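Data first, discussion second: the structure below is written as structure tokens.
If you're wondering where the values come from, they're calculated on a predicted model, not measured in any experiment.
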Amino acid sequence: MTSSQDVDTIKSPNSDPEPSISPLDELPGEVEMSIFDHLEELRQRIFYSLIVVAVGIIGCFIVVKPLVQLLEIPAHGVKFLQLAPGEFFFVSMKVAAYGGLILTTPFILYQIIQFVLPGLTVRERRLVIPVVLGSSILFVCGLIFAYIALIPAALQFFINYGADVVEQLWSIDKYFDFVLLLLFTTGLAFQVPVIQILLATLGIVSSKIMLKGWRYVIMAAVVLGAILTPSTDPLTQSLLAGAVLGLYFGGIGLVKLTGK
């Protein structure tokens, strides 16, 4: 005859033990919020971000002339013309808008992180700072690469191509459309390693799979270079495609270092 204590210790063969949740997959300090609270918080953070962006744009507009002169340097003495009343004013607004947005990006990222942080596990929170820091550094590197390499190469190609036929008098509006778009798209293209590390950390893609698809990556880099560069010259497209490929294979190396 078995005692009640022995009966309690007997486990049913069909009963499965409850899966244990890793501490890294838990939500620390989880606080219940209603959908209206989430919307109110989102509204406030968007409002604060817009205010900071507006202040950044106004600040850049105050010093816009030195910024314009800095962005004219890669043209190497080409004369710019104002072909319509107020053209330079609207160019100044574009430069100030791009500059203000870039300068206030860290604050915008901070607001986004604070909004999504309560819904992230401990494992996911460990990725936040490296991803944000790496993304910011790579974006700045993209701007520098475009300013030092891509823009001068593209402009020199166009200048040399028409040197014996046309005088180099450029519309300042068209020039800054070209320069600002190339700067911004190059900064975005430099985010490739961050995306790779995120995918590998989340277990979606491994470094071996990334390396196996190198043929497709080369094709995608060429297409990306053609899409992102506002000019149609092959030199600029090749430089950007080469930079993307270098970043991709560098990202594979970083993923391997993490053991993924």
Roughly how far, to the nearest 0.5 Å, is the CG atom of Leu180 from the OH atom of Tyr175? 9.0 Å

I'd like to check the salt bridge (charged side-chain N to carboxylate O under 4.0 Å, His left out) partners of Arg215; sequence neighbours left out, ordered by chain and number. none

Pairs touching residues 239-252 that satisfy side-chain hydrogen bond (donor to acceptor under 3.5 Å, both in side chains), sequence neighbours left out: none

List the atom pairs, with distances to 0.1 Å, where a side-chain N or O of residues 47-58 and a protein N or O form a donor-acceptor pair under 3.5 Å, not counting sequence neighbours.
unit_1	atom_1	unit_2	atom_2	d
Ser49	OG	Arg45	O	2.8

Between Ile102 and Val64, is there shared hydrophobic-cluster membership here, with clusters defined by ILVMFWY side-chain heavy atoms closer than 4.5 Å? yes

In one Ile/Leu/Val/Met/Phe/Trp/Tyr side-chain cluster, 4.5 Å: Leu42, Tyr110: no

Residue pair Val95 / Leu71: nearest heavy atoms and the distance that separates them: CG1-CD1, 4.3 Å

Can you name the nearest heavy-atom pair linking Leu247 to Ala189, along with the distance? CD1-O, 4.2 Å

Residues pairing under side-chain hydrogen bond (donor to acceptor under 3.5 Å, both in side chains) where one sits in residues 74-103, two or more places apart or in two chains, turn out to be Glu87-Ser171, Lys94-Asp173, Lys94-Asp177

Enumerate, atom names and distances included, each donor-acceptor pair closer than 3.5 Å involving a side-chain atom of residues 133-155, sequence neighbours excluded.
unit_1	atom_1	unit_2	atom_2	d
Ser135	OG	Gln191	OE1	2.5
Ser136	OG	Val132	O	2.8
Tyr147	OH	Leu70	O	2.7

Do Leu188 and Leu101 belong together in a cluster built from hydrophobic side chains that touch within less than 4.5 Å? no

Rounded at 0.5 Å granularity, tell me how far CD1 in Ile46 sits from CD1 in Ile108. 11.0 Å

Give a yes or no on this: more than 12 heavy atoms of other residues, nucleotides or ligands lie within 6.0 Å of atom CZ of Phe107. yes

From Phe80 atom CZ to Phe176 atom CZ, the distance as rounded to the nearest 0.5 Å: 6.5 Å

Roughly how far, to the nearest 0.5 Å, is the CD1 atom of Ile252 from the CD1 atom of Ile197? 11.5 Å

Return each pair, listed once, that meets side-chain hydrogen bond (donor to acceptor under 3.5 Å, both in side chains) where at least one residue sits in residues 57-66; pairs must be two or more places apart or across chains. none

Salt bridge (Lys or Arg N to Asp or Glu O under 4.0 Å) contacts in which one or both residues fall within residues 67-78, not counting sequence neighbours: none

If you measure from CZ on Phe178 to CG on Leu183, what distance do you get to the nearest 0.5 Å? 9.5 Å

If you link I, L, V, M, F, W and Y whenever their side-chain heavy atoms are under 4.5 Å apart, who else ends up in the same group as Val222? none

What about Leu257 and Phe249, same hydrophobic cluster or not, with Ile/Leu/Val/Met/Phe/Trp/Tyr joined at side-chain heavy-atom distances under 4.5 Å? yes

List in chain and number order the residues that pass ring-ring contact (aromatic ring centres under 6.0 Å, His included) with Phe61, two or more places apart in sequence or in another chain; answer none if no residue qualifies. none

Tell me, please, which residues at least two apart from Gln44 pass side-chain hydrogen bond (donor to acceptor under 3.5 Å, both in side chains). Glu40

Counterpart residues, side-chain contact (heavy atoms from CB on, under 4.5 Å), relative to Leu103 (two or more places apart): Cys60

What heavy-atom pair brings Met210 and Ala200 nearest, and what distance separates the two atoms? CE-CB, 4.3 Å

Connected via hydrophobic side-chain network under 4.5 Å: Ile195 and Val192: yes

Give the other cluster members for Leu81, using side-chain heavy-atom distances under 4.5 Å between Ile, Leu, Val, Met, Phe, Trp and Tyr residues; answer none if it is isolated. Leu83, Leu169

